[in-house]
Each structure stands twice: as C-alpha cells, then as structure tokens.
Amino acid sequence: MVAQNAMWAVQFRSYGAPEVLEVGVAEVPSPGPKEVVVEVSAFSVNAVDLQTRRGRMRLFDGMGFPKGSGVDFAGVVRAVGSRVGDVEVGRRVWGYLGMKPPGRAAAGAQYVRVRADRVAPAPDAVPLMEAAALPLVGLTAVQALRPLKLRRGDRVLVVGGNGGVGSTVIQVARIMGGEVDAVVGVRSDAAISAGARQVFDYHDLKPSDIPGRYDAVVDAAGADASAYRRLLKPGGRMMAIAPGAFWDILRSMVSPGPVIRMVSGKPSVKDLVWLAAQVNAGDLKPLISATYTLDRIVEAHRDAESASAAGKRVVLAR
C-alpha cells in the first residue's frame with residue numbers, strides 16, 4: 001500500500017530495453033513559488049522517452065537512479081505556488097516539461113510538478129486522455145512550420161507522415177494554408193486521417209520518383225533528407241525534426257541549394273493556447289495509435305520501438 005505522502009511513478013533503475021521500466025514510488029511533490037502540481041490523467045510516449053531510457057541522453061538526464069519517465073501530459077491542477085497568479089486549482093491543463101533531468105518522477109506519475117509557464121488550459125473539445133497525445137508533437141509541429149512562413153496554397157511534403165509528429169505536422173500545415181502530401185512506411189492511415197492529399201510509400205517509391213516539386217519539406221523521419229531536399233522548388237525551405245537528419249543538415253551547409261534547418265519542440269504557453277484553440281475549433285485532432293493502462297507501460301515502450309507508427313501512444317494514469 002502506498003503511503004499518504006507517496007505516489008506511483010514510472011521509473012527505471014538502469015538503462016536498457018523496455019523491461020527496465022517499473023511502476024515505482026516517489027514522494028508527492030509540493031509546488032515551488034512559480035510552479036504548479038498537476039494530477040496526471042494521461043501521458044504520451046515520445047521518442048525522447050525511448051532515448052532517455054536507453055541511456056542516449058546521459059548528458060541531460062542527471063545523476064543517479066531511479067529515474068522517472070515521460071515529458072508531456074494532461075491533467076488537473078491540484079496545487080499552485082505562492083507566486084502563480086494565472087493558474088487555478090481544479091483547472092484542466094496540458095503541458096510539456098522540456099529538456100530537464102527527470103529526477104525520480106517525471107510526467108509519467110500520479111502527480112507532476114511543473115513550472116506554471118509550461119502548462120496551459122487543455123482543450124475542452126476532447127477528453128484529457130486524448131489531449132495528452134498532443135503537447136510535445138503539437139509544439140514541435142508549430143515550431144517547425146512557423147519559420148517556413150507558409151503561404152496559402154504552398155505545396156508541403158511531410159516525410160514520416162504516419163507517426164505522431166508527422167501526422168500532427170500534416171494537420172498544422174493544412175491549418176496554415178498548405179496543400180500537404182506525405183511519405184509513409186507500412187501504415188498510411190494516420191497520414192490520410194490527418195488530411196494528406198497524396199500518400200507515398202517509401203518502400204515502393206524513391207524520393208526522385210515523387211512527382212512535382214514542393215515549397216516546403218518537413219522531415220520527421222530522418223531518412224535520406226538530402227534526397228527529399230532535391231524535391232524543393234527554387235527558394236524552397238526545409239525543416240528537419242528527426243535527429244537522424246544531422247549529417248544531411250551538415251552537408252546542406254556546404255552544397256548548393258537551401259540549408260536544412262533543425263528544430264525540437266520547446267515549452268510555450270502561447271503555442272499550447274493556439275493548439276487548444278485549433279482542437280476546440282475541430283481543425284486539429286489527436287491521432288492515437290493505441291492506449292495503454294499503467295500496468296502495460298513496458299508494452300507501450302516496446303510497441304513504440306518495434307511496431308509501425310500510426311499516431312501517438314498514450315498511457316492512462318487513472
């Protein structure tokens with residue numbers, strides 16, 4: 001039985017495969033002056049969670065074990081700090097913790113302590129369980145597309161359009177006025193649900209075989225970014241989200257053509273508010289591949305590593 005001042009938290013005590021994950025115990029957090037404590041309803045599984053668990057983020061994830069897991073969430077505010085004036089107890093919120101050491105507990109916990117400027121009101125149009133699929137991928141999509149300065153009617157190609165990030169990029173690009181095509185792997189349903197006009201299977205079609213040219217390309221897969229760069233029109237722009245594009249980005253700096261830029265999502269109340277408004281308007285929807293109960297957290301990570309993506313994977317906290 002969990003003590004009154006203790007809570008459950010998804011943790012790992014060594015780096016490794018999904019099987020290192022467990023539902024452990026941590027102390028219920030209290031908010032600092034500029035923080036809030038949120039009772040988590042659901043959290044999602046992101047690539048950064050997998051990388052951290054494998055030990056590939058050691059420079060950023062602090063010292064010691066156990067370490068918590070999870071970076072974005074949706075839930076209800078249960079406590080606020082003394083210098084928080086715009087977030088009320090009982091408010092439904094969603095948020096992203098950002099790149100910070102997880103400590104013994106992170107977003108995958110009964111309660112999460114987070115800076116007040118990293119949460120915003122969750123959309124009212126969907127349950128919190130669905131809202132939890134969007135914070136990090138939504139922030140990444142907005143922050144990747146905004147610098148591309150899309151104009152209405154611009155042709156946009158999203159590489160990796162079936163994953164959680166890619167399917168969200170498709171939706172946000174359409175909201176911004178783009179006409180969007182997607183490159184996918186085994187599954188195309190998420191890209192089609194997101195509103196892609198044409199879907200190309202990279203198993204069947206080389207980048208050079210894709211017809212037409214694009215005003216903007218967003219690479220959410222990190223596979224052969226240089227080849228997709230060649231599909232840009234003169235003056236076209238390209239943004240990479242996947243770390244696998246790193247060497248292609250370097251090559252683009254010393255070869256003719258546009259430089260590939262890279263982005264990773266950052267906490268932003270302004271962007272979370274914008275995303276919530278799009279959800280409430282019915283223009284943006286959480287695309288969920290699967291939901292898992294807490295006791296299936298190992299399975300959630302295993303599927304994220306091995307199964308074909310078709311939207312986000314969400315873990316129900318309660």
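Side chains included, hydrogens not; waters and symmetry mates left out as well; all remaining heavy atoms used. Each residue takes its place number in the sequence, starting with 1.
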In one Ile/Leu/Val/Met/Phe/Trp/Tyr side-chain cluster, 4.5 Å: [X], [Y]:
| X | Y | value |
| --- | --- | --- |
| F12 | V40 | yes |
| F73 | L128 | no |
| L272 | V38 | no |

Under 3.5 Å donor-acceptor, [X] side chain and [Y] backbone:
| X | Y | value |
| --- | --- | --- |
| E35 | G32 | yes |
| D271 | L139 | no |
| R58 | G55 | yes |
| Q143 | K266 | yes |
| K100 | L97 | no |
| S252 | I260 | yes |
| D219 | A225 | no |
| R174 | V180 | no |

Considering only NZ, NE, NH1 and NH2 on the basic side and carboxylate oxygens on the acidic side, decide whether [X] and [Y] come within less than 4.0 Å.
| X | Y | answer |
| --- | --- | --- |
| E39 | R78 | yes |
| R92 | D124 | yes |
| K312 | E130 | no |
| R54 | E305 | yes |

If you count heavy atoms of other groups shown closer than 6.0 angstrom to [atom1] of [X], is the number above 12?
| X | atom1 | result |
| --- | --- | --- |
| R151 | CZ | no |
| K233 | NZ | yes |
| R261 | CZ | no |

Distance-only side-chain donor-acceptor flag, [X] / [Y], under 3.5 Å:
| X | Y | value |
| --- | --- | --- |
| R229 | S255 | yes |
| Y292 | R313 | yes |
| T52 | D61 | no |
| N46 | D72 | yes |
| D248 | S226 | yes |

When rounded to the nearest 0.5 angstrom, what is the spacing between [atom1] in [X] and [atom2] in [Y]?
| X | Y | atom1 | atom2 | result |
| --- | --- | --- | --- | --- |
| E299 | R302 | CD | CZ | 6.5 Å |
| W247 | R251 | CH2 | CZ | 8.5 Å |
| L231 | S208 | CG | OG | 8.0 Å |
| W274 | R146 | CH2 | CZ | 8.5 Å |
| S69 | L21 | OG | CG | 5.5 Å |
| S193 | Q171 | OG | CD | 8.5 Å |

Is there a side chain to side chain contact (heavy atoms under 4.5 Å, CB included) between D49 and F43 once you walk through the steps? CA-CA 11 Å; D49 302 319; F43 58 96; over 6 Å; no
Is any side-chain heavy atom of [X] less than 4.5 Å from a side-chain heavy atom of [Y]?
| X | Y | answer |
| --- | --- | --- |
| L294 | W8 | yes |
| L232 | M238 | yes |
| L316 | M129 | yes |
| D224 | Y202 | no |
| V77 | V37 | no |
| R104 | E27 | no |
| L157 | V218 | no |
| R237 | D154 | yes |

What heavy-atom pair brings [X] and [Y] nearest, and what distance separates the two atoms?
| X | Y | value |
| --- | --- | --- |
| A42 | A132 | O-CB, 3.4 Å |
| A133 | V314 | CB-CG2, 3.7 Å |
| R53 | G16 | NE-O, 2.9 Å |
| V112 | A106 | CG2-O, 3.8 Å |
| D189 | A310 | OD1-CB, 3.8 Å |
| L145 | A173 | CD1-N, 3.5 Å |

If the plane angle is over 60° it's perpendicular, under 30° parallel, otherwise tilted; pick one for F65 and Y15. perpendicular
Side chain to side chain contact (heavy atoms under 4.5 Å, CB included) between V119 and Y96: does it pass, once the steps are laid out? CA-CA 7 Å; V119 299; Y96 166 50; over 6 Å; no
For Y214, is the NZ or CZ atom of R155 found under 6.0 angstrom from the centre of its six-membered ring and inside 45 degrees of the ring axis? yes
